[in-house]
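Step one of this worksheet: look at the structure below.
Both backbone and side-chain heavy atoms feed into the values below; hydrogens, waters and symmetry mates do not. First the proteins, then the strands, lettered A, B, ... as listed; each starts at 1.
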2 protein chains.
Amino acid sequence: MRKKVDADVSFCDFKPANAKKHKPNVCAFYKHQQDLRWKGVRDEPYKQKGDDWSKIMRRVLIGAHGETTKFHVRYFEISQGGNSSFEKHRHEHVVICIRGRGVLLFGKKKRPMEYLDTAYISPDTPHQLTNPYQEPFGFLCIVNAKRDRPKLLK
Amino acid sequence: MRKKVDADVSFCDFKPANAKKHKPNVCAFYKHQQDLRWKGVRDEPYKQKGDDWSKIMRRVLIGAHGETTKFHVRYFEISQGGNSSFEKHRHEHVVICIRGRGVLLFGKKKRPMEYLDTAYISPDTPHQLTNPYQEPFGFLCIVNAKRDRPKLLK
């Protein structure tokens, strides 16, 4: 179902004459404001519950407004001292750092991530993102639209 | 087929014991260098031929190294005065500006694109990206891995 969006988010008007305004799967333009916030994109919790993660939130850029893409594009931000879940799953991640810096654990490797560093995390690879630094660590995470549930690891 | 990559591109080592090094679909880390260049990612022409576009090139971040994602992630850069094809197709585009600024024509709308502005171009929407400015206009373009051939428009 289509999520409510701000009225001044721009949707293109090239669609069938009988289509209703803001019908799912029309064009959209999410204007970047500042501090990695986009008009029409809301803050959401990283996950609904769990104590295996901390100080991390999400903004769903593509995937929450009725798009038919085979992928979703999300922005995640980890505050100082925070971390994502240590987990694995069958679906892949593409992670692109766009704010600050952090650390990516994937497989047996641990690598610092800086601006525009890009990681491909293949199926069933244990992974975790952490932010040991003072500035927020923000990254795009692109995933298949259809995906399996993560398995938490310890 | 797996493309050749620089030897010091980092691939994670969490894979089956019988997997060969650099086997398709292992993890990868593409270190950002400068000016929107990544270690292990080569410059490619925008298209193989055509006179409907100019001064635009591509770098394929995800999709050229055997990844099994349902999507590909490409970086395109348009120099001053250049443009992509004016076209439409069934598959969608997600465009995220990460360098300079440009102009997006989609449907009947024309919008300036600046840093981190994000557009979703829905199926069969005519679209074109141009750079009337002096600085390079660079953007991520994320598409389904399986997609139809574009139809050129005039």
Side-chain angles (χ1 to χ4, degrees), chain A residues 10-15 24-33 36-38 41 61-62 65-73 75 88 91-98 104-109 111 113-127 140 142-147, chain B residues 10-15 24-33 36-38 41 61-62 65-73 75 88 91-98 104-109 111 113-127 140 142-147:
Chain A
S10 170
F11 293 90
C12 77
D13 50 5
F14 191 90
K15 54 184 187 288
N25 211 31
V26 295
C27 293
F29 191 97
Y30 301 103
K31 181 72 187 164
H32 180 240
Q33 296 176 308
L36 286 296
R37 295 176 187 278
W38 291 263
V41 177
L61 277 161
I62 304 296
H65 298 110
E67 304 89 352
T68 52
T69 47
K70 299 291 187 189
F71 58 87
H72 293 167
V73 181
Y75 172 75
K88 71 173 189 174
H91 65 272
E92 304 99 325
H93 278 315
V94 170
V95 176
I96 306 174
C97 175
I98 57 172
L104 169 63
L105 169 67
F106 60 143
K108 294 176 181 174
K109 289 204 173 186
R111 285 202 63 150
M113 282 203 94
E114 297 178 311
Y115 185 62
L116 291 183
D117 287 349
T118 298
Y120 169 70
I121 302 170
S122 63
D124 292 326
T125 299
H127 58 277
L140 297 172
I142 311 164
V143 287
N144 292 340
K146 290 185 180 178
R147 51 191 185 269
Chain B
S10 170
F11 293 88
C12 76
D13 51 5
F14 190 91
K15 53 184 187 288
N25 211 32
V26 295
C27 293
F29 191 95
Y30 301 103
K31 181 70 187 166
H32 179 242
Q33 296 176 306
L36 287 294
R37 294 177 187 278
W38 291 263
V41 177
L61 277 161
I62 303 296
H65 298 111
E67 304 88 353
T68 51
T69 47
K70 300 290 188 189
F71 57 87
H72 293 168
V73 181
Y75 172 74
K88 70 173 189 175
H91 64 272
E92 305 99 324
H93 278 316
V94 170
V95 176
I96 305 173
C97 174
I98 57 171
L104 169 64
L105 169 68
F106 61 143
K108 296 177 180 173
K109 289 205 174 184
R111 286 202 65 150
M113 282 203 93
E114 298 177 311
Y115 185 63
L116 291 183
D117 287 349
T118 299
Y120 168 70
I121 302 170
S122 63
D124 291 325
T125 299
H127 59 277
L140 297 172
I142 310 163
V143 288
N144 292 340
K146 291 185 180 179
R147 49 191 187 270

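Scanning all heavy atoms of the two residues, the minimum distance from A:Ser122 to B:Asn25 falls at CB-O, 3.2 Å. Residues B:Phe29 and A:Ala119 share a closest heavy-atom pair of CD1-CB, 4.0 Å.
Remark: A:Lys31 pairs with B:Glu114, B:Asp117 by the side-chain hydrogen bond (donor to acceptor under 3.5 Å, both in side chains) rule, at least two apart or across chains. The ring-ring contact (aromatic ring centres under 6.0 Å, His included) test applied to B:His91 returns B:His89, B:His93, not counting sequence neighbours.
The closest side-chain heavy-atom distance from B:Tyr120 to A:Val26 is not below 4.5 Å.
Contacts of A:Val143 with chain B are made by backbone atoms alone, with heavy-atom separations under 4.5 Å and no side-chain atom involved. The contact between A:Ile96 and chain B is made entirely by side chain atoms (from C-beta outward), counting heavy-atom distances below 4.5 Å.
With values rounded to the nearest 0.5 angstrom, B:Ile142 atom CD1 is found 3.5 Å from A:Ile142 atom CD1. Rounding to the nearest 0.5 Å gives a distance of 7.0 Å between CZ of A:Phe71 and CD of B:Glu92. Here the straight-line distance linking atom CG of B:Leu140 with atom CD1 of A:Ile98 works out to 9.0 Å at 0.5 Å rounding.
Among the candidates B:Leu61, B:Thr68, B:Ile62, B:Ile121, the residue making the largest number of heavy-atom pairs closer than 4.5 Å to chain A is B:Thr68.
Below 30°, between 30° and 60°, or above 60°: for A:Tyr115 and B:Tyr115 the angle between ring planes is between 30° and 60°, a tilted geometry.
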